[in-house]
Amino acid sequence: MKKLQNDFFEQVYAVVRLIPEGRVTSYGAIARYLGTAKSSRMVGYAMNASHHALPVVPAHRVVNRNGLLTGKNHFITITAMQEALESEQIKIVNDEVIAFKTLFWDPNIELEL
DNA sequence: GTAATGACCTTGG
DNA sequence: ACCAAGGCCATTA
């Protein structure tokens, strides 16, 4: 343990923490930005470990490609994610981000290497 | 040690 | 356009 995945996790956390307030992104976008486009699943796993990660990672701003709050179940409470997003003026209906396409924040585009 | 699962995405039919 | 399968890699059983 304590290997490269730690760095990978840190990179994921770093990108997630860079997400502007009121914006959302997808696992694939982050994965692609890190160069691990095919390991998008690991990004989600990283999020799972983000709970004990410091500083606090705004995992609620990370949703799947569908804009669906797939990881709400993994939060402290299933409503925590939605409330957190709503707290940032992001409307959530049926566990889905409204205007997700508009609020979508792609590190590959916004950060643009 | 092997097998199955998972906060997903891309490609093929 | 919709449905099915594959891939990727770490964690858990």
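If you're wondering where the values come from, they're calculated on a predicted model, not measured in any experiment. Keep in mind that the numbers below use all heavy atoms, side chains included, and drop hydrogens, waters and symmetry copies. Here is the naming used below: chain letters follow the sequence lines, and residue numbers restart at 1 for every chain.
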Could you pull out every donor-acceptor pair under 3.5 Å between side chains of residues 49-67 of chain A and any protein atom, sequence neighbours left out?
residue: Ser50(A); atom: OG; partner: Met47(A); partner atom: O; Å: 2.4
residue: His51(A); atom: NE2; partner: His74(A); partner atom: O; Å: 3.3
residue: His52(A); atom: NE2; partner: Ala49(A); partner atom: O; Å: 3.2
residue: His60(A); atom: NE2; partner: Glu88(A); partner atom: OE2; Å: 3.2
residue: Arg61(A); atom: NE; partner: Glu88(A); partner atom: OE1; Å: 2.9
residue: Arg61(A); atom: NE; partner: Glu88(A); partner atom: OE2; Å: 3.0
residue: Arg61(A); atom: NH1; partner: Ile19(A); partner atom: O; Å: 2.8
residue: Arg61(A); atom: NH2; partner: Glu88(A); partner atom: OE2; Å: 2.7
residue: Asn64(A); atom: OD1; partner: Asn66(A); partner atom: N; Å: 3.4
residue: Asn64(A); atom: OD1; partner: Gly67(A); partner atom: N; Å: 3.1
residue: Asn64(A); atom: OD1; partner: Leu68(A); partner atom: N; Å: 2.6

Would you please name every residue forming a side chain to side chain contact (heavy atoms under 4.5 Å, CB included) with Ala80(A), sequence neighbours left out?
-> Phe75(A), Thr77(A)
Pairwise side chain to side chain donor-acceptor pair (under 3.5 Å) hits with a residue in residues 19-32 of chain A, at least two apart = none
Could you pull out all residues at least two apart from Ala31(A) that satisfy side chain to side chain contact (heavy atoms under 4.5 Å, CB included)?
-> Thr36(A), Ser40(A), Val43(A)
Calculate the interatomic distance between Asn48(A) atom CG and dA7(B) atom C1'; express it in whole Å.
-> 7 Å
If you link I, L, V, M, F, W and Y whenever their side-chain heavy atoms are under 4.5 Å apart, who else ends up in the same group as Ile98(A)?
-> Val93(A)
Output all residues satisfying salt bridge (Lys or Arg N to Asp or Glu O under 4.0 Å) with Arg41(A), sequence neighbours left out; order by chain, then residue number.
-> none
Starting at atom CG of Leu34(A), determine the distance to atom P of dC8(C), rounded to an integer number of angstrom.
-> 17 Å
Protein-nucleic acid N or O pairs under 3.5 Å, nucleotides 3-5 of chain B:
none

Considering only the C1' atoms, how many Å lie between dC3(C) and dA7(B), rounded to the nearest integer?
-> 24 Å
Just grab all the salt bridge (charged side-chain N to carboxylate O under 4.0 Å, His left out) pairs involving residues 46-56 of chain A, residues at least two apart or on different chains.
-> none
Return the value, rounded to whole Å, for the distance between atom CZ of Phe100(A) and atom P of dC8(B).
-> 13 Å
Got a sec, which residues hit ring pair (Phe, Tyr, Trp, His ring centres under 6.0 Å) with Phe104(A), two or more places apart in sequence or on another chain?
-> Phe100(A)
Taking CE from Met47(A) and C1' from dA7(B), how many angstroms apart are they, rounded to a whole number?
-> 9 Å
Could you run down the sub-3.5 Å N/O contacts of the protein with nucleotides 9-13 of chain B?
residue: dC9(B); atom: OP1; partner: Arg65(A); partner atom: N; Å: 2.8
residue: dC9(B); atom: OP2; partner: Arg65(A); partner atom: N; Å: 3.1
residue: dC9(B); atom: O4'; partner: Ser40(A); partner atom: OG; Å: 3.2

Are Glu96(A) and Lys91(A) close enough for a salt bridge, meaning some N to O gap below 4.0 Å?
-> no
For DNA chain C, find the residues of residues 73-90 of chain A with a heavy-atom distance under 4.0 Å and give them by number; none if there aren't any.
-> none
According to the salt bridge (charged side-chain N to carboxylate O under 4.0 Å, His left out) rule, which pairs have a member within residues 68-86 of chain A, sequence neighbours left out?
-> Lys72(A)-Asp95(A)
Least distance between heavy atoms, Asp106(A) atom then Ala29(A) atom = OD1-CB, 3.7 Å
Considering just the side-chain nitrogens and oxygens of Thr70(A), establish if one lies under 4.0 Å of OP1 or OP2 belonging to dC8(B).
-> yes
Nearest-Å distance, NZ (Lys72(A)) to P (dA7(B))?
-> 13 Å
Mind calculating the distance between CZ (Phe8(A)) and P (dC9(C)) to the nearest angstrom?
-> 10 Å
Whole Å only: how far is the CZ atom of Arg41(A) from the C1' atom of dA7(B)?
-> 11 Å
